[in-house]
Amino acid sequence: MACINMVSIASTMQTQKLHHTIEKNSQPERISTYKPNIWKYDHLLSLTNQYSEAKYKIEAEKLKEEVGCMFSNTTSPVAQLQLIDGIDKLGLSAYFEVDTKETLENTILYMKTSSNSKDLYATALCFRLLREHGYHASQDMLKDLFDGKGKLPLDMKTLLELFEGSHLSIGGENSLNDIRLFYTKNLKNLSLDVDRFTSNPLAWRVRWYDVREHIITAQNCNDTNPMLLKLAKLNFNIIQATHQKDLKDVIRWWRNVSIIENLEFTRERIVESFFFAVGIASEVEHGSMRKWLTKVIQLILIIDDVYDIYGTIADVQQFTVAIEKWDPEEVQSLPKSIQICFGALHDTMEDISVEIQRQKGGPSVLPHLKQVWVNFCKALLVEATWYHKGHIPTLEDYLHNGWTSSSGPLLSLHVILGLTNENFHSCKNCQEIIYYTSLIIRLCNDQGTSTAELERGDVASSIVCYMHQENVSEDVAREHIESIILNSWEKINYHFNSLSTSHRKIIKHVINEARMAHVMYHSGDGFGVQDGETQDQVLINLVQPII
């Protein structure tokens, strides 16, 4: 009882401190604490990459043929599953889609007819791969691995497969939920080296940004097929060369826009924006979409800072009117910096709409682009109004607005328009995925930036809203937010499995937005703080080839 009282007192003190902070900062002038850009553009523009030469693509095609023979030469079902897993992790799945599909379908037939399927590791691996590739796999497949009483496989690789598979739950699967809870606890007890798995499982990670690490691991394994490894390294370097070319294009665009010297309050994060865009769509053929997304993400940061830091409530109200009317005349009475922001947004969206129409055909997409920006700015205005009134909303009200202010719907429309001219509005499952993806972006952002935003005096985050609403500590609030993220992933898994194959090929890139949110905010504010984990990730994935 005493312990409970102490927790209650601590929670009350923390909430009182929170009230004091909000009260004290109810309407102060907010000051930007963001550091200047760290990237040397001239250096990035000077990068040369030999892997853009045609001879390397020819070599990759030859290696692809040789590696393809491994499917027919591998007869053991377990070895075939490991081959597929290795190909996926090494970033080669696009090369072997047909072989992978055929092998997995044969595996399903084998498991239905074979009486000898007691290999626990193979069963756990098979379950994960089937679900990852969109096949039906019942949770009952794992009943021999977990009896509900805490049966624990002795080997770490089976344990990890079970943990990863449990994060592919579609909701309402009690066995998978029990497995996740039990094995998360035991993984942490067994090893200190698995924290990155338990805090950020494979299903929540951006596969392309894990490829380099998997290649390095494969180099240190004696049983790695040398042809497979050679193809993986070559493929990584070829794709990186394409990414470097795209990065140079957006740096040149950013320099030509030439607005940052007039916007001292905002984040200049064109390299991080490109890093985010690559995580959404790393494939070579999506270069145009990567560049569009990079421009949009940098503009999102700028507009967000106008509402959060620079503009008065009157400024952002008028700015929102200007966005609704899409009229430069409406910002003439606003500070010069805000006029510049509007002009950059207006002109860039006009240009992108022309480029999309030229590449994809069909009518102009500008009305759709304008509408998602209107929705985004209106959501930011709601948050600015809360801030200026010193109002802390309920978590429900915060999220009702926050999924839009996350920029998820805005990004998702650019992803879809960048890939197809098909209308996705009538696809209910697609709309649900966009909603839950946006929710994850909002919540991951809050987890990574809440402390710094409170110090700056920004609007209350989901964490603060829940602390205030339920009179609980920050730790309890963060646990609750994590449970919403977990539930949102289950919803995404459910709706994704309900999509047609053609829709999956598009929507998987929308889901990557949520994965990139985990990447950017896993260790803090990946946009606000450049010289940390984000910088390292940019260097190893976008700058340095694998030798």
Side-chain angles (χ1 to χ4, degrees), residues 60-145 153-168 197 201-203 205 207-208 210-211 213-236 497 501 504-505 508:
E61 284 298 319
K62 291 179 180 177
L63 284 169
K64 173 188 168 184
E65 296 299 322
E66 295 180 33
V67 172
C69 296
M70 294 173 63
F71 281 92
S72 56
N73 295 336
T74 304
T75 56
S76 161
V78 179
Q80 288 181 332
L81 291 172
Q82 290 175 317
L83 175 60
I84 293 171
D85 187 37
I87 285 171
D88 287 350
K89 288 178 176 176
L90 293 173
L92 301 172
S93 54
Y95 282 136
F96 304 105
E97 288 181 350
V98 174
D99 298 294
T100 296
K101 182 175 184 292
E102 183 179 320
T103 301
L104 286 175
E105 289 175 355
N106 288 337
T107 300
I108 293 171
L109 290 174
Y110 171 81
M111 294 190 67
K112 285 181 178 178
T113 58
S114 174
S115 58
N116 183 27
S117 57
K118 298 300 182 183
D119 185 327
L120 301 185
Y121 165 69
T123 301
L125 175 61
C126 183
F127 175 83
R128 175 174 67 80
L129 289 175
L130 289 175
R131 288 223 169 179
E132 281 181 354
H133 286 266
Y135 292 94
H136 172 72
S138 170
Q139 62 176 340
D140 292 340
M141 279 181 64
L142 306 178
K143 62 185 179 183
D144 289 332
L145 289 86
L154 296 178
D155 61 301
M156 180 61 72
K157 66 178 184 176
T158 304
L159 199 58
L160 285 172
E161 288 301 335
L162 279 170
F163 172 78
E164 298 291 7
S166 70
H167 282 84
L168 296 169
F197 295 102
L202 192 60
R205 298 173 67 83
R207 280 300 185 91
W208 181 250
D210 282 343
V211 166
E213 183 178 343
H214 287 304
I215 289 175
I216 293 170
T217 300
Q219 285 182 146
N220 297 324
C221 288
N222 295 328
D223 58 351
T224 300
N225 183 284
M227 286 189 299
L228 182 63
L229 180 60
K230 187 175 182 181
L231 176 59
K233 293 167 70 174
L234 186 58
N235 181 65
F236 179 91
N497 286 341
T501 302
R504 285 181 187 179
K505 289 181 178 179
K508 70 179 183 179

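Everything numeric in this text was worked out from a predicted model, so none of it was measured. The first residue in the sequence is number 1, and the count goes up from there. As a basis for the values below, the full set of heavy atoms in this structure was taken, side chains included, without hydrogen atoms, waters or symmetry mates.
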Q: Give me each pair satisfying salt bridge (charged side-chain N to carboxylate O under 4.0 Å, His left out) with a member in residues 215-227, each pair once, sequence neighbours excluded.
A: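 Every pair satisfying salt bridge (charged side-chain N to carboxylate O under 4.0 Å, His left out) with a residue in residues 215-227: there are none.
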
Q: Roughly how far apart are Leu90 CG and Leu231 CG, rounded to 0.5 Å?
A: 9.0 Å

Q: Output the distance between atom CG (Asp119) and atom SG (Cys126), rounded to the nearest 0.5 Å.
A: 10.5 Å

Q: To the nearest 0.5 Å, what is the distance between OG1 (Thr103) and CZ (Phe96)?
A: 11.0 Å

Q: What are the two closest heavy atoms between Gly91 and Asn235, and how far apart are they?
A: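 That would be O-ND2, 3.2 Å.
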
Q: Could you give the distance from OG1 (Thr224) to CD1 (Ile215), rounded to the nearest 0.5 Å?
A: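 That separation rounds to 11.0 Å.
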
Q: How far apart are the C-alpha atoms of Arg207 and Glu132, what are their side-chain angles, what is the distance that settles it, and do they pass the side-chain contact (heavy atoms from CB on, under 4.5 Å) test?
A: CA-CA 12 Å; Arg207 280 300 185 91; Glu132 281 181 354; 2.9 Å; yes

Q: Tell me every residue that passes side chain to side chain contact (heavy atoms under 4.5 Å, CB included) with Lys505, counting only those two or more places apart in sequence or in another chain.
A: Thr501

Q: So, for Leu234 and Ala60, which heavy atoms are closest and what is the spacing to 0.1 Å?
A: CD2-N, 3.6 Å

Q: Under the side-chain contact (heavy atoms from CB on, under 4.5 Å) criterion, do Tyr135 and Arg131 qualify, and how do the steps go?
A: CA-CA 5 Å; Tyr135 292 94; Arg131 288 223 169 179; over 6 Å; no

Q: Determine whether Leu63 and Leu228 make a side-chain contact, defined as any pair of heavy atoms from C-beta on separated by less than 4.5 Å.
A: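 A side-chain contact under 4.5 Å is absent here.
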
Q: Taking side chain to side chain contact (heavy atoms under 4.5 Å, CB included) as the definition, give me every residue that meets it alongside Lys62, ordered by chain and number, with sequence neighbours left out.
A: Ile58

Q: Would you say the side chain of Thr123 lies within less than 4.5 Å of the side chain of Thr158, judging by non-hydrogen atoms?
A: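 Thr158 does not reach Thr123 side chain to side chain.
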
Q: Can you tell me how far apart CZ (Phe127) and CG (Leu162) are? Round to the nearest 0.5 Å.
A: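 Going from CZ on Phe127 over to CG on Leu162, the span is 9.0 Å.
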
Q: Taking only residues two or more places apart in sequence, or in another chain, which ones meet Ser76 in a side chain to side chain contact (heavy atoms under 4.5 Å, CB included)?
A: Val78, Ala79

Q: Can you name the residues that form a salt bridge (charged side-chain N to carboxylate O under 4.0 Å, His left out) with Glu61, not counting sequence neighbours?
A: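 Residues passing salt bridge (charged side-chain N to carboxylate O under 4.0 Å, His left out) with Glu61: none at all.
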
Q: Please report the interatomic distance OG1(Thr74) to CG(Asn225), rounded to the nearest 0.5 Å.
A: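 Going from the OG1 atom of Thr74 to the CG atom of Asn225 covers 8.5 Å.
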
Q: How would you list, by chain and number, every residue that makes a side chain to side chain donor-acceptor pair (under 3.5 Å) with Gln219, sequence neighbours excluded?
A: Lys233

Q: Could you list the residues that satisfy side chain to side chain donor-acceptor pair (under 3.5 Å) with Lys64, not counting sequence neighbours?
A: none

Q: Would you please name every residue forming a salt bridge (charged side-chain N to carboxylate O under 4.0 Å, His left out) with Lys157, sequence neighbours left out?
A: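 Partners of Lys157 by the salt bridge (charged side-chain N to carboxylate O under 4.0 Å, His left out) criterion come out as none, since no residue qualifies.
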
Q: Of all residues at least two apart in sequence or in a different chain, which pass the ring pair (Phe, Tyr, Trp, His ring centres under 6.0 Å) check with Phe236?
A: Trp208

Q: List the atom of Pro201, the atom of His167, and the distance in Å for their closest heavy-atom pair.
A: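 That closest heavy-atom pairing would be CG-CD2, 3.4 Å.
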
Q: Using the side-chain contact (heavy atoms from CB on, under 4.5 Å) rule, take Phe71 and Thr100 through it: C-alpha gap first, then chi angles, then the decisive distance, then the call.
A: CA-CA 8 Å; Phe71 281 92; Thr100 296; 4.1 Å; yes

Q: Determine whether Asp99 and Ile84 satisfy the following criterion, side-chain contact (heavy atoms from CB on, under 4.5 Å), listing intermediate values before the conclusion.
A: CA-CA 9 Å; Asp99 298 294; Ile84 293 171; over 6 Å; no

Q: Using the salt bridge (charged side-chain N to carboxylate O under 4.0 Å, His left out) rule, collect all pairs that involve residues 84-96, keeping only residues at least two apart or in two chains.
A: Asp85-Lys89, Asp85-Arg128

